[in-house]
Amino acid sequence: MRTGEKIRAFYDAMLAAWGPQGWWPAETPFEVVVGAILTQNTNWKNVERAIANLKGEGLLSAEALARAAPERLAEVIRPAGYYRVKARRLRNFIDMLMRDFGGSLDALFALPAAALRERVLEVSGIGPETADSIVLYAAARPVFVVDAYTARILYRHGLVDADATYEDIQSLMQDNLPDDPAMFQEYHALLVEAGKRHCRKAAPLCSGCPLERFLERGQPAAE
DNA sequence: GTCCAGAGTG
DNA sequence: CACTCGGGAC
């Protein structure tokens, strides 16, 4: 099976095994943005607590976040970890939104997809994965979100090299899939599920993984 | 004790 | 290149 077929077959196999994942779990696009920043290298369970705190404090809006004292914001999002850094990152995004788009997410999202991605990437503390999560899940534009699980799963199946860059992997996925935001949303969520359940860093549990049948001789590759 | 829906800095 | 940021779930 060649690369493109395999990439498309992965999706079908995971979807058949686990069904739709319902990502991104949030009530509004703004909440998606906040969650995308808070979940950097962090368990989603902890992010849920932080978002619940923000809601309880009435801080889940651009205006409220722009006014909140940095120390207070940090304390409220504390359960998400890296709380001082993340408080600053949230503020950096809000500052950009207020300054350049009148605080309107809709105005920001009206940009063409490529310009939107670049604009979000310019915010200090928002890197490629967080930017693409915002573009895909909050703005519903067709960019593929790459994360550590994506790289590991593709690497262990021999579809990318160990040193493949973010852009390498993103291009590989986008070049071999239809340009469908809803599908990209689902595919990334399914890869995260596969990563958590089976393709863990230290001890991969290939047995029972819906992607197991796509492994070839010698795979998964050693780290 | 491990590890998480990463990114910036020295 | 390594190091920092970090609470919480398991």
The answer to which of R49(A) and Q40(A) contacts DNA chain C further toward the 5' end, by nearest nucleotide, is Q40(A)
Can you establish whether the number of heavy atoms outside E167(A) located under 6.0 Å from its atom CD is more than 12? yes
I want to check one thing: is the phosphate of dG7(C), taken as OP1 and OP2, less than 4.0 Å away from some side-chain N or O of R78(A)? yes
Say we look at dG8(C) and dG8(B): how far apart would their P atoms be, to the nearest angstrom? 25 Å
E129(A) side chain to D147(A) backbone, donor-acceptor under 3.5 Å: no
What heavy-atom pair brings W23(A) and Q185(A) nearest, and what distance separates the two atoms? O-OE1, 4.3 Å
Is V76(A) reachable from Y82(A) through a run of I, L, V, M, F, W or Y residues, each pair having side-chain heavy atoms under 4.5 Å apart? no
May I ask you to check whether F10(A) and H157(A) place their ring centers less than 6.0 Å from one another? yes
What pairs with F184(A) under ring pair (Phe, Tyr, Trp, His ring centres under 6.0 Å), at least two apart in sequence or on another chain? F144(A)
Can you pull out the residues from residues 9-17 of chain A that lie within a 4.0 Å heavy-atom distance of DNA chain B? none
Check: dG7(C) base within 3.5 Å donor-acceptor of T42(A) side chain: no
Min and max contacting nt of DNA chain B in 5' to 3' order, chain A heavy atoms within under 4.0 angstrom, are dC3(B) to dG8(B)
Earlier contact from the 5' end, DNA chain C, for K45(A) and R89(A): R89(A)
